[in-house]
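First the structure, in the form of structure tokens, and then the observations on it.
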Amino acid sequence: MIMHVITNFTASAGAETMLARLLHGAADERIVVVSLIGVSDRNRNLADNPRVAYVSLAASSPAALPGAILRLARLIRKERPDVILCWMYHAMIVGTIAARLAGRGVPIYWNIRQSLDDPASLTRSSRLAIAGAKLLSSQPAGIIYNSARALELHRAYGYANRNMVAIPNGFELPRIGPTEATTARRIGIVGRFHPQKDHATFFKAVAAVRKTHPRAVFSAAGNGLSHDNRAVVDLMVEAGLPEHVIDLKGEISDMPSYYRSIDALVLSSRTEGFPNVIAEAMSYAKPIVTTDVGDAAAIAGNAGIAVPARDPEALAEAIREILDLSPTEYARYSRNARERVENEYEISAIKAKYASFLAP
């Protein structure tokens, strides 16, 4: 039996989505998912596996963490898992301490979902957890990183473990028909409104692109990206953009329809591990423009263009390059995008890598 410990299974970000994909179709007799904060219907439904039991420790503040550690230790003694996989920094710390208190000798593994390209873009809580986990990093039986860049940067930061591996995220290939677009015109960006995602750079790039490509259409999807969010509107004004120029869609549940509605995807992040949105868009045969953070450039490969982070002019020039593709060139980028996901990131192959690494 495997136990997963994750910081917050109510979130709809990359780590939570990847865990749900691993749970979906998993044939283990019993699986327990323990969330420090909570569990959402969205993630339960995405996992869609009756073998999975969910436990919420409701530890939404630092003061609640000691009690959560004790409750998790009792749960480990009760469930007697064969292996525990801890997802993200806070859960890694809590899971490691709880397993030691439980005294069962259960092998603990960590799953790190974040690179360290720009730690200043992370929250203070995350930075403290990164530093705390470093002190415990020799304890787990192994550490999984979702990108080679994350492994490299954590090792340089001081994470000391002899059994570390990079396993990318996995994706189910959607059914797609012949693409309607022959050239790019509709540009989208996906990601919650957070300094890490650096929408300020994206807005500045859009302002520059509109001067040369006034017919280009832009949209943004993600939690907080709505016209009633004053911080977003202020960033657009600072970039010289009228409010109506970018279609701010907020958080949307029908991502397949969104990916089908755009002709290319942009990622403007300051730091990432393995950005799911790039591979998701590529699975719908969409070309990519991305900042060179985490493994984003490696994922996009010959299906996209990578530029330095926090450089609006470079991002704008790459967007123009995609907008200027001929029908033949656009078709080549689209075909490359789909084939890369099919060949490198198909979910069944990624599940097999997890199973092999966690095997006793």
Side-chain angles (χ1 to χ4, degrees), residues 7-8 11 13-16 36-37 60-62 65 87-93 110-137 143 145-160 164 166 169 189-207 220 222-225 229-239 266-278 289-300 306-316 318:
T7 300
N8 183 13
E16 295 75 23
L36 302 191
I37 295 178
S60 56
S61 69
L65 288 178
W87 295 65
M88 301 189 296
Y89 303 109
H90 294 83
M92 285 154 37
I93 294 171
W110 288 1
N111 199 332
I112 293 179
R113 318 296 301 172
Q114 177 65 60
S115 187
L116 298 176
D117 296 284
D118 188 356
S121 68
L122 304 176
T123 65
R124 181 174 181 272
S125 177
S126 292
R127 294 196 301 272
L128 289 172
I130 290 168
K134 180 176 74 170
L135 301 177
L136 297 172
S137 60
I143 302 178
Y145 296 87
N146 69 346
S147 72
R149 178 81 68 88
L151 192 160
E152 173 189 342
L153 292 178
H154 280 81
R155 178 182 282 152
Y157 181 74
Y159 276 57
M164 301 196 295
N169 292 348
I189 188 170
V190 177
R192 72 192 189 283
F193 184 61
H194 186 281
Q196 174 186 342
K197 303 300 181 182
D198 198 7
H199 288 92
T201 287
F202 174 69
F203 294 153
K204 291 174 184 176
V206 170
N223 185 31
L225 288 168
N229 186 341
R230 192 68 238 174
V232 173
V233 174
D234 287 346
L235 280 184
M236 293 177 65
V237 170
E238 288 176 22
V266 173
L267 184 91
S268 57
S269 296
R270 292 165 57 179
T271 184
E272 290 282 355
F274 185 113
N276 274 354
V277 294
I278 289 183
V289 172
T290 182
T291 48
D292 187 7
V293 292
D295 274 13
I299 297 163
V307 300
R310 308 183 78 174
D311 188 336
E313 285 303 321
L315 191 67

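What you are looking at is a predicted structure, and each value in this text was computed from that prediction instead of being measured.
- For the residue pair Ala296 and Thr290, the shortest heavy atom distance occurs at CB-OG1, 3.3 Å.
- The closest side-chain heavy-atom distance from Leu122 to Gln114 is below 4.5 Å.
- Side-chain contact between Arg149 and Asp292 is present, with at least one heavy-atom pair separated by less than 4.5 Å.
- Not one N or O on the side chain of Gln196 forms a donor-acceptor pair closer than 3.5 Å with the backbone of Ser121.
- Within the model, atoms CG of Leu315 and CD1 of Ile189 stand 7.5 Å from one another, a figure rounded to the nearest 0.5 Å.
- For the pair Leu225 and Gly191, the tightest heavy-atom approach, listed with the atom from each and the gap, is CD1-O, 3.2 Å.
- Atom CD1 of Ile93 is separated from atom OG1 of Thr7 by 9.0 Å, given to the nearest 0.5 angstrom.
- Between atom NZ of residue Lys204 and atom CG of residue Asp198 there is a gap of 8.0 Å, rounded to the nearest 0.5 Å.
- With sequence neighbours left out, Tyr89 forms a side chain to side chain donor-acceptor pair (under 3.5 Å) with His154.
- Of all heavy-atom pairs between Ala231 and Phe193, the closest is CB-CE2, 3.7 Å.
- Residue Lys197 places its NZ atom among more than 12 non-hydrogen atoms of other residues, nucleotides or ligands, all under 6.0 Å distant.
- The shortest distance between side-chain heavy atoms of Phe203 and Ser268 does not fall below 4.5 Å.
- Using a 4.5 Å heavy-atom cutoff, the side chains of Ile130 and Pro119 are not in contact.
- Atom CH2 of Trp110 and atom CD1 of Ile143 lie 5.5 Å apart (nearest 0.5 Å).
- Between atom CG of residue Asp295 and atom OH of residue Tyr145 there is a gap of 13.0 Å, rounded to the nearest 0.5 Å.
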Quiz item: Hey, mind stepping through Arg113 and Asn169 against side-chain contact (heavy atoms from CB on, under 4.5 Å) and telling me if it holds?
Solution: CA-CA 10 Å; Arg113 318 296 301 172; Asn169 292 348; 2.4 Å; yes

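- Taking 4.5 Å as the limit, every side-chain heavy atom of His199 sits out of range of all side-chain heavy atoms of His194.
- You'll find the side chain of Met88 reaches within 4.5 Å of the side chain of Glu16, heavy atoms only.
- Rounding to the nearest 0.5 Å gives a distance of 12.0 Å between CZ of Arg127 and CG of Leu116.
- Every side chain to side chain donor-acceptor pair (under 3.5 Å) that Asp234 has, sequence neighbours left out, goes to Arg230.
- Between Arg310 and Asp117, none of the side-chain N atoms (NZ, or NE/NH1/NH2) sits under 4.0 Å from a carboxylate O, so this pair counts as no salt bridge.
- The nearest pair of heavy atoms linking Ser115 to Leu153 is OG-CD1, 3.3 Å.
- At a threshold of 4.5 Å between non-hydrogen side-chain atoms, the residues Ile112 and Met92 count as touching.
- Nearest heavy atoms, Ser137 versus Ala160: OG-N, 2.9 Å.
- Between Ala318 and Val289, the shortest heavy-atom contact is CB-CG1, 3.6 Å.
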Practice problem: Carefully, step by step, assess Ser125 and His90 under the rule side chain to side chain donor-acceptor pair (under 3.5 Å). | Solution: CA-CA 9 Å; Ser125 177; His90 294 83; 2.8 Å; yes

